[in-house]
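Quick notes on the structure that follows.
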Amino acid sequence: MPYSIALVPDAAFLMIEFIGVIEPRDLVQIAGETRTYERGDVVPHRLTDITRVEKISISFEDIFRLASNRKAITFKNPFKSALVVNTDTQLGYARMFQTLNDHPQIMLQIFQDSAAAQVWIKEN
């Protein structure tokens, strides 16, 4: 599995980490798994770390489809979504997702440091 997802108990946010190669099917799978966490009483903030990704094999259409599907959802509460990157390619994909993900309940920021992302997530 090229990703992991877990709820960080003390911090109450989802930690999602992609590893290796990201393909379109991975986006579909992670979206489905994320929905299970979003069905609870409170939609948790999330931190998605793609710094260990070696290759991104997804297209604009794949990201557009993911963002469009997310936009169609009304969440129980607004939440923050932090993307952590460390290469120009990762930053480019993250910016594309940030631009397409204009959901009014999702505040999305890009970081180059996981610690800074966690500080932002924990801020009120």
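Computed from heavy atoms alone, side chains included, the values below leave out hydrogens, waters and symmetry copies. Keep in mind the model is a prediction, meaning the values are calculated, not measured.
A distance of 4.5 Å separates CZ of F75 from CD1 of I106, quoted to the nearest 0.5 Å. In this structure, CE in M107 is found 12.0 Å from CG in N101, a value given to the nearest 0.5 Å. For the atom pair I121 CD1 and L47 CG, the distance stands at 4.5 Å (nearest 0.5 Å). If you take CD1 on I50 and CZ on F18, they are separated by 8.5 Å, rounding to the nearest 0.5 Å. Between the CD1 atom of I58 and the CD1 atom of I63 there is a distance of 4.0 Å, given to the nearest 0.5 Å. The line from CE of M96 to CD1 of I56 is 8.5 Å long, rounded to the nearest 0.5 Å.
Partners of K71 by salt bridge (Lys or Arg N to Asp or Glu O under 4.0 Å), not counting sequence neighbours, listed by chain and number: D102. Considering only residues two or more places apart in sequence or on other chains, S68 meets the side-chain hydrogen bond (donor to acceptor under 3.5 Å, both in side chains) condition with none of them. For R95, the salt bridge (Lys or Arg N to Asp or Glu O under 4.0 Å) test picks out no residue, with sequence neighbours left out. Residues forming a ring-ring contact (aromatic ring centres under 6.0 Å, His included) with Y93 (at least two apart in sequence, or on another chain): none. Every residue two or more places apart in sequence or in another chain that forms a side-chain contact (heavy atoms from CB on, under 4.5 Å) with A116 is listed here: F111, D113. The ring-ring contact (aromatic ring centres under 6.0 Å, His included) search around Y37 returns none, not counting sequence neighbours. For H45, there are no ring-ring contact (aromatic ring centres under 6.0 Å, His included) partners, not counting sequence neighbours. Checked against salt bridge (Lys or Arg N to Asp or Glu O under 4.0 Å), E54 has no partners two or more places apart in sequence or in another chain. Residues that satisfy the salt bridge (Lys or Arg N to Asp or Glu O under 4.0 Å) test with D62, not counting sequence neighbours, are R65.
The shortest heavy-atom contact between I73 and R35 is CG2-NH1, 3.5 Å. Nearest heavy-atom pair across R70 and R46 is NH2-NH1, 3.3 Å.
Screening I22, D49, T48, I30 for a side chain to side chain contact (heavy atoms under 4.5 Å, CB included) involving Y3 leaves a single residue, I30.
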Report task. Test side-chain contact (heavy atoms from CB on, under 4.5 Å) on F97 and L66 and set out the steps. Result -> CA-CA 9 Å; F97 182 65; L66 175 63; 3.7 Å; yes

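Residues V53 and F60 fall within the same hydrophobic cluster, defined by Ile, Leu, Val, Met, Phe, Trp and Tyr side chains chained together at heavy-atom separations under 4.5 Å. Transitive grouping of hydrophobic side chains (ILVMFWY, heavy atoms separated by less than 4.5 Å) brings F64 and L27 into a common cluster.
The list of side chain to side chain donor-acceptor pair (under 3.5 Å) pairs with a residue in residues 14-27, not counting sequence neighbours, reads E17-R52, E23-R25.
The number of heavy atoms from other shown groups lying within 6.0 Å of CD (Q112) does not exceed 12.
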Report, one line per pair, each donor and acceptor closer than 3.5 Å where one atom sits in a side chain of residues 78-89; sequence neighbours left out.
| from | atom 1 | to | atom 2 | distance (Å) |
| --- | --- | --- | --- | --- |
| K80 | NZ | W120 | O | 2.6 |
| K80 | NZ | E123 | O | 2.8 |
| T87 | OG1 | Q90 | N | 3.1 |

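In this structure, the side chain of Q98 engages the main chain of L108 through a donor-acceptor pair within 3.5 Å.
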